[in-house]
Amino acid sequence: MSLLVVRVLAKAFGGVQAVKDVSFHLEAGEMLALIGPNGAGKSTCFNMLNGQLAADKGSVLFDGRELIGQRPRDIWRLGVGRTFQITATFASMTVRENVQMALLSHHGELFSFWRRASHRHGAEADRLLDRVGMLHQADRACGVLAYGDLKRLELAVALANGPRLLLMDEPTAGMAPKERVALMELVAGIAKEEQVSVLFTEHDMDVVFAHSDRLMVLNRGEIIATGSADDIRSNDLVKEVYLGGGTTFDTGREMKSHA
Amino acid sequence: MGFYLAQFLTGLASASSLFLVASGLSIIFGVTRIVNFAHGSFFMLGAYLAYTFVQILPQGIFGFWGAILVASLAVGLIGVLIEMTLFRRIYRAPELFQLVATFGVVLVIQDLTLWLWGPEDQFGPRAPGLEGAVRIMGEPIPEYDILLIFFGPAVLLGIWLLFNKTRWGTLVRAATQDREMVGALGVNQSWLFTSVFFVGSFLAGLGGAIQLPREAANLLMDLNVIGEAFVVVVIGGMGSVPGAFLASVLIGELNAFGILIFPEITLVLAFLVMAVVLVVRPWGLLGRPDVVLRGSAGPAEGPLQPFTSTARLVLFGGLVLLLAAPLILGDFEIVLLTDVLIFILFAVSLHLIMGPGGMVSFGHAAYFGLGAYGAALAVKYLGVNMLGGMVLAPVAAGLGALVFGWFCVRLSGVYLAMLTLAAAQITWSVAFQWQDVTGGDDGILGVWPAEWVSGKAAYYYVTLTLVGCGLFFIRRLIFSPFGFSLRAGRDSPLRVEAIGINLKTQQWIGFVVAGLFAGLAGGLYVYSKGSVFPDELAISRSVDGLVMVLLGGIQSLIGPIVGAVSFIVLEDLVTRLDYWRIIFGSIILFIVIVAPEGLAGFARRFLPQKLAGRDLMGGGGA
Amino acid sequence: MLEIQGINAFYGQAQVLQDISFQVGAGEVVALLGRNGAGKSTTMKTLMGMVNSTAGDIRFQGTPIKALPTHRICQMGLGYVPEDRRIFSDLTVLENLEVGKQKPRDGAPVWEAEKLFELFPNLKERKNNAGGQMSGGEQQMLSIARTLMGNPRAILLDEPSEGIAPVIVEQMAKTIQALKKEGLAVLLSEQNLHFAKLVSDRAVIIEKGEVRYQGTIRELEEKPEIRDAYLAV
């Protein structure tokens, strides 16, 4: 059985059907990209999966357990990590403390009033930071990091409880092209090695075509195409509503010739 | 039946004046994001100026209405003057700091009014041509009230037209959302802000001026009306003028009928309604959820750092000095020092929820007062000894925080702040109006410490021990996993939820812990003074706490300590003088302009690195 | 049209711009390229007077504008379309345009709502809708239209393609070409090199707050080593 099985998920806002009967599945270790025009329902879809938004109907089975109706914090405890379009980190803590915070929550130590937080789970935090290439910045204040580093820190935080599914909302938004590639390679590596599944939304087609095992295109709340990068690139409907003439991103072949 | 109708109409008439004040407050807040405590002072000035102009201008209809108009315009100009000379300098400062500045203005205007008009109430004339009353269903209704009933909706219509049908209104609404962008589109923001301030102050002045035939101008008008105006603005929704109108009518009627049904709890009613509205509709009747009132003051806070060895040395030296103090100082100074210690604990407990907790409280005096009253009532009715009283003080405050906190943590930003204010007003009203139990305004007397600590020095040592332990515990707490979770929730509620933390629970616990220590401070206070009065729960006590925390600096634990010391010592010095408010207010304004990062942050700029600790924000890393 | 000579900028202690110099001529589209945090947005904010420059000189049509407040700079005919669009979400499309409106200016195309609706047909259908109800692509169009209402002679576009569907980005490219034809000077900050290549004449590459390369877009295409060093697709 697939790690994640989504069936006929739907949501309407004041009479407007934002998401219409979306169904898909995701295998362990698979990277699935969710793309589509602005306002197609990607964020709505995402927020129902992670519990921020209540679904009107449908079901989301994660490893056989229903996620619909659960709160975000409970979904995390089941093993679903998240990163946000605009990074959500703790600016007044050091890089290591950011990860330690997630570990403290994972180990159930939030109601400790006396011990020093910064002395807890340091080694485990460093291991996670090393995994995303941030160990050398562990003692820096999070508030002064470059944006690309914040994204990597966020990834380390999301990995703190050993999730089996990562939900990444526009993981490379606001990053430079080189950083985008580096981050997604890192994510792809983690997905493959640790069999973590990744569902991500993205606007950078270069990233999408290079790093997804499968793509799903959403338009007006409905999935209009699913398939490999080549399937999607050559799909006429997708070209019309989303990709356009292909002048504003790499067409794949050109990309390989650079590399 | 007729009586109830009359009562209803009276309610509507008072609603009009309230609406004028509240709409001005709401408009100013909407654009400048300043929670203007001084708005009540503008209302008061409106009444006093109208009183003066009525005497200067010729008698008759034109003279009377001319005086009201001139007074309102004058208040508008005073608002402009204050905006241009003061607020323009601090728009870039943190919002909470601006709030402290507005409180400085309140103090200055209070004393200026006292100086210009004297301490007596000033009775205005009746409106010419409207001295009589009309009989409606047999009940006499003052003609002036009838006029006021129409006045409110007319102003509402005027404001609506101004905001929706003029270019100025469009620009103001745009600036409410993104003032910098409005500037980048070629609009002179400074003048837009100034004009908004003019309109808002004009409305407050008008509200005060038209009230003159109904209520004598007096020196308590400012804080009385600001409390009600806050309630109205919050119930209606911050920034919503129609919301302010609805809420004014609601509060006007509530006051009119409340006095018939529950005469003994009239003062609580408005705040109870506000609490209920906020719990049901967390952003008021017509408000939006986007109002942010950030707890942080100044630039982004850096990571926590343990004491450096130099800092430990300084700390140890300080402790030795404090221990030796009774050997050096006289009784008078020791009492002052005891006060200072008590208020340090009070300020630090407030800092816990405002700084690391990110929850701004306008009503922390509630827990200080609950502690003081808890101990005093236990002494009076149960005859407990001092040990019992000292235990009951934090317990009573903690229980209060448990109840109020449960509601408060469900909100955020300025709404949370207002609900804490409401909670404090509720406790104050109970202490003030429930005379049989609390003694009302007369307070509770005769709460003296046990024999063995009756000396000033002995009591000082008790205070030093308890305050010292309290500070140590709070510091440990801030460095603990629990304290980290509070700061994490302040930095990013979204991320905290996404790593499995129930933020509301953490905040609630934080609220209760802060309440416990404020209660302990209250307990220490009541035994040091021997008595307690409702003042300990009043808005001004809460504002004292805010000023201590913000003047000191919200970014570290040393901030509230520096703030409390400076505040108490300064207050002790200036309150001996006539017109001390004007001096105290000016000092506050001076500090706000010179040291917008707080006194502790200001001093840190000049301190050697060894004492201040490593600079994690700057160097290091790639 | 726009001459930037040796400007600096600081955020607190950290220097974010160092000795930046370049020019944009009338009817020219210049792409400001570089990775995130390189200083592109800061450069634009400095031009608009939203960030202070401690050194150097900025001239717009020969007049120094460095010391002027933001609204004065805008009133001289320098339009700014910010990152993240910054639409007034409570105001309708027409009201958003009203905020941007300024008097007609000599030597600059005059825009009115009707004329802008020809350029952005989507906006016309939704002219009475609140800005906050529009999709990201529509908001980007509205943000550009709003700035054009000020009848600018030059326009700064900060990352117009960020987070926008490729099909809308293509429309955006056509819009920029149309503005260029009207004689506007355009300074464009971009991460999407494909898009930049489609519309710009010249490129300025910024890295760590300093200009590292200036040249025509064609030259840049012929120098993959520069692309790899600073942009690295």
Side-chain angles (χ1 to χ4, degrees), chain A residues 50-52 71-78 80-84 86-98 100-121 134 136-146 149 154 157-158 160-161 167, chain B residues 294-296 298-306 352 355-356 358 472-510 512-513 516 554-556 614-622:
Chain A
N50 63 36
Q52 261 182 301
R71 290 172 298 209
R73 55 178 185 267
D74 300 324
I75 291 175
W76 179 78
R77 297 213 177 267
L78 292 173
V80 180
R82 293 164 62 190
T83 67
F84 297 95
I86 298 161
T87 53
T89 49
F90 310 130
S92 73
M93 297 185 187
T94 66
V95 168
R96 183 185 290 113
E97 286 168 351
N98 264 268
Q100 281 173 311
M101 189 70 245
L103 290 169
L104 285 166
S105 173
H106 179 47
H107 293 289
E109 295 174 16
L110 294 174
F111 299 107
S112 169
F113 296 89
W114 195 252
R115 284 184 292 199
R116 263 186 199 277
S118 52
H119 294 173
R120 313 287 303 160
H121 313 297
M134 285 291 292
H136 63 290
Q137 303 200 57
D139 290 318
R140 292 190 80 196
C142 176
V144 299
L145 291 187
D149 291 340
E154 205 186 25
V157 171
N161 65 335
L167 299 175
Chain B
R294 282 294 311 252
S296 81
E301 197 178 303
L304 288 178
Q305 296 171 52
L352 175 66
F472 183 62
F473 180 81
I474 289 176
R475 187 173 158 89
R476 282 301 295 224
L477 186 79
I478 290 173
F479 281 83
S480 76
F482 172 78
F484 266 54
S485 70
L486 274 185
R487 286 197 306 139
R490 172 199 64 193
D491 286 0
S492 175
L494 195 62
R495 169 52 67 195
V496 151
E497 179 76 24
I499 55 171
I501 299 174
N502 184 350
L503 180 58
K504 298 279 163 252
T505 305
Q506 305 302 103
Q507 289 182 327
W508 192 22
I509 296 172
V512 172
V513 172
L516 282 173
I554 200 169
Q555 305 216 40
S556 65
R614 241 166 359 130
D615 183 13
L616 290 174
M617 299 298 283

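Letters A, B, ... are given to chains in the order of the sequence lines, protein chains preceding strands, and every chain is numbered from 1.
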### Query
Looking at A:Gln100, A:Met101, A:Arg82, which makes the most heavy-atom pairs under 4.5 Å with chain B?
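Most heavy-atom pairs under 4.5 Å with chain B: A:Met101.
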
### Query
Of all of A:Ala88, A:Ala117, A:Ser92, which one pairs up most often with chain B through heavy atoms under 4.5 Å apart?
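When all of A:Ala88, A:Ala117, A:Ser92 are compared, A:Ser92 has the most.
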
### Query
Does any N or O in the side chain of B:Ser485 come within less than 3.5 Å of the main-chain N or O of A:Leu110, such that one atom is a donor and the other an acceptor?
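Pair absent, no side-chain N/O of B:Ser485 close to backbone of A:Leu110.
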
### Message
Using a 3.5 Å distance criterion without hydrogens, assess whether the side chain of A:Asn98 forms a donor-acceptor pair with backbone atoms of A:Val157.
### Response
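Checking the backbone N and O of A:Val157 against the side chain of A:Asn98, no donor-acceptor pair under 3.5 Å is found.
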
Counting only non-hydrogen atoms closer than 4.5 Å, does [X] touch chain B with its backbone (N, CA, C, O), its side chain (CB onward), both, or neither?
| X | result |
| --- | --- |
| A:Arg77 | side chain |
| A:Thr89 | backbone |
| A:Gln52 | side chain |

### Task
Output all residues satisfying side chain to side chain donor-acceptor pair (under 3.5 Å) with A:Glu154, sequence neighbours left out; order by chain, then residue number.
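So A:Glu154 forms a side chain to side chain donor-acceptor pair (under 3.5 Å) with B:Arg495.
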
#### Entry: Set of residues satisfying side chain to side chain donor-acceptor pair (under 3.5 Å) with respect to A:Arg120, sequence neighbours excluded
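Side chain to side chain donor-acceptor pair (under 3.5 Å) check on A:Arg120 returns A:Glu109.
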
### Message
Report which part of B:Val496 has an atom under 4.5 Å of a heavy atom belonging to chain A: side chain, backbone, both, or neither.
### Response
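Both parts, backbone and side chain.
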
### Message
Heavy-atom cut-off 4.5 Å, strictly under: side chain, backbone, both or neither for B:Ile509 against chain A?
### Response
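Just the side chain, heavy atoms under 4.5 Å.
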
### Task
Using the six-membered ring of B:Phe472, assess whether NZ or CZ of B:Arg475 lies under 6.0 Å from its centre and within 45 degrees of the ring axis.
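Pair B:Arg475/B:Phe472 does not count as cation-pi.
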
#### Entry: Spacing of B:Gln507 atom CD and B:Leu486 atom CG [to the nearest 0.5 Å]
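The CD atom of B:Gln507 sits 7.0 Å away from the CG atom of B:Leu486.
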
### Query
If you count heavy-atom pairs under 4.5 Å between each of B:Leu477, B:Asn502, B:Ile478 and chain A, which one has the most?
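Of B:Leu477, B:Asn502, B:Ile478, B:Asn502 has the most heavy-atom pairs under 4.5 Å with chain A.
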
